[in-house]
Amino acid sequence: MPDATSPRSFPPTFFFGAATAAFQIEGAAHEDGRTDSIWDAFCRVPGAVVNADNGDVACDHYHRYRDDVSMMKDLGLEAYRFSTSWSRVQPDGGAFNPKGLDFYSRLVDELLDKGIAPWLTLYHWDLPQALQELGGWANRDTAFRFRDYALGVHDALGDRVTSWTTLNEPWCASFLSYIGGEHAPGIQDPATGLAAGHHLLLAHGLTVKDLAARDDSLQLGITLNLTVADAVDPTDAGDLDAARRIDGQFNRFFLDPIFRGSYPADVMQDVAHLGFEQHVQPGDLEIISSPIHSLGVNYYHGDAVSSRPTDAAMTTAAPSVRPKRSPFPAADDVYWHLRDLPTTGMGWEVQPEGLTRLLKRVHDEYTGPAGIALAVTENGAAYDDELVDGAVHDTERVSFLEAHLRAILDAIDDGVPVTGYFYWSLMDNFEWAWGYDKRFGIVRVDYETQERTPKDSAIAYTRVISGRSL
Ligand code: IFM
């Protein structure tokens with residue numbers, strides 16, 4: 001083992017990147033044929049998004065993508081994770097829009113020209129509003145529409161893009177959006193959310209199956225927001241059961257069907273009264289478990305859960321995308337406690353060793369037996385950055401970044417094949433229900449002028465990338 005001060009190297013094939021998503025950075029919401037997504041509509045609901053912010057302009061990346069790619073090159077990034085907007089590619093979920101596809105084609109060309117590997121995500125939450133009006137992800141047909149959309153994007157970009165991710169964080173796109181109601185489309189109904197979860201998984205499986213049949217050189221995968229649910233008191237049966245239920249809804253509800261072709265029995269029992277099984281048709285699980293090549297793991301924070309509220313619990317933390325009470329019906333009496341750890345501007349615990357444990361566990365139980373590798377597709381922190389004399393001295397983010405990169409090295413040392421890392425996010429952007437209030441970027445965005453300023457964390461990341469060690 002190296003001592004704590006000696007530099008540690010990353011494997012030669014490990015890649016360093018940064019991630020964004022279409023709705024969060026593109027803007028140009030009404031240009032070149034794009035129509036509303038569920039997020040455009042949700043932003044118009046009074047009180048849904050802080051300051052009534054919206055994605056109309058965002059980081060204006062649609063017009064500034066060339067400069068943004070040059071900036072990535074200057075930072076030394078080797079890979080860039082972005083998403084395509086379904087509403088731009090198929091306005092209203094209908095005919096394909098050549099102008100929309102052309103934007104992504106130009107972006108991919110620009111990336112390749114600068115030697116940056118494109119890592120494409122097909123769905124990062126911006127369902128066409130017209131499809132929501134037909135039921136959205138609660139409607140089984142949306143899964144088949146998604147597969148058609150994916151094949152159309154592949155027709156346009158498949159000759160140049162190798163890494164394809166079907167969905168980003170289906171937990172958020174189903175449970176947080178259709179049960180918790182905190183994300184678009186803002187529905188609060190447990191049975192609807194469970195149906196949405198299954199149909200998202202079905203969409204993933206249908207797409208993987210058809211893309212693999214078309215082209216065996218593609219690297220196909222999905223990105224999940226996974227968690228390490230620790231019982232506050234590991235000797236307390238109630239706390240252990242709270243941890244089981246959170247692990248069930250965040251992790252196993254998605255991992256088990258993808259890697260084992262079945263839903264976890266305990267979760268099914270927890271939600272039996274909601275009629276979930278009626279949505280799972282014969283053959284669905286076989287489709288959902290179609291082989292993939294890589295699993296994307298998004299990790300932001302630790303989770304200490306209990307069946308009992310406490311005065312030191314989340315009540316003292318900033319409201320967060322991780323709600324005090326879970327939107328999942330089987331976790332109605334789960335409470336998050338804050339441990340003695342630093343927190344980010346989201347009120348999230350900074351717990352890098354949780355990432356090591358998570359990667360190890362996922363490898364041991366799911367991806368290792370399937371013979372596939374892992375990539376950390378998102379990890380990052382929001383802080384209340386200040387611009388001082390043209391610089392942002394975001395020392396907390398530098399520590400966060402370095403600590404999580406070390407945690408990945410620990411997992412690699414432990415035998416987990418982690419292929420790369422994407423920091424979230426390349427630049428400050430639209431943080432969903434938080435609007436522009438939360439800054440996750442290693443590059444600051446001035447939303448008045450659209451000026452980009454690399455923060456100290458960007459400089460630190462560039463140093464790590466060029467030395468391939470830290
Ligand atoms: O900004 C989001 C991203 O869109 C999905 N994963 C979590 C990030 C931070 O909340």
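From a predicted model like this one, the values you see are computed outputs, not experimental measurements. We count ligands from 1, going down the list as the structure has it; atoms in each ligand are counted the same way.
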Requested in this report: Could you say whether the N/O atoms of W125 and ligand 1 ever approach to under 3.5 Å?
Outcome: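 Min N/O separation from ligand 1 is not below 3.5 Å for W125.
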Query raised in the report: Are the aromatic rings of W86 and F146 close, with centres under 6.0 Å apart?
Result: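 Close enough - the centres of the two rings lie under 6.0 Å apart.
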Report task. Establish, from distance only, whether the side-chain atoms of S37 and D40 form a donor-acceptor pair under 3.5 Å. Result -> yes
Query - Option set E169, H124, K438, criterion heavy-atom distance to atom 3 (C) of ligand 1, minimum - result: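 Ranked by closest heavy atom to atom 3 (C) of ligand 1, first place is H124.
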Subset of ligand 1 atoms that lie under 4.0 Å from at least one heavy atom of [X]:
| X | answer |
| --- | --- |
| F440 | 9 (C), 10 (O) |
| E431 | 1 (O), 2 (C), 9 (C), 10 (O) |
| E378 | 3 (C), 5 (C), 6 (N), 7 (C), 8 (C) |
| W348 | 10 (O) |

Query raised in the report: Hey, is W434 one of the residues with a heavy atom under 4.0 angstrom from ligand 1?
Result: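 W434 does not count as a contact of ligand 1 under the 4.0 Å cut-off.
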Query raised in the report: Does the ring of Y383 carry R439 above it, NZ/CZ under 6.0 angstrom from centre and within 45° of its axis?
Result: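 That pair does not qualify as a cation-pi contact.
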Determine all donor-acceptor pairs shorter than 3.5 Å in which one atom belongs to a side chain in residues 130-138; sequence neighbours excluded.
unit_1, atom_1, unit_2, atom_2, d
Q132, OE1, Y178, OH, 2.7
E133, OE2, Q129, NE2, 2.9
W137, NE1, Y123, OH, 3.0

Report task. Taking salt bridge (charged side-chain N to carboxylate O under 4.0 Å, His left out) as the test, write out the residues that go with K99, two or more places apart. Result -> none
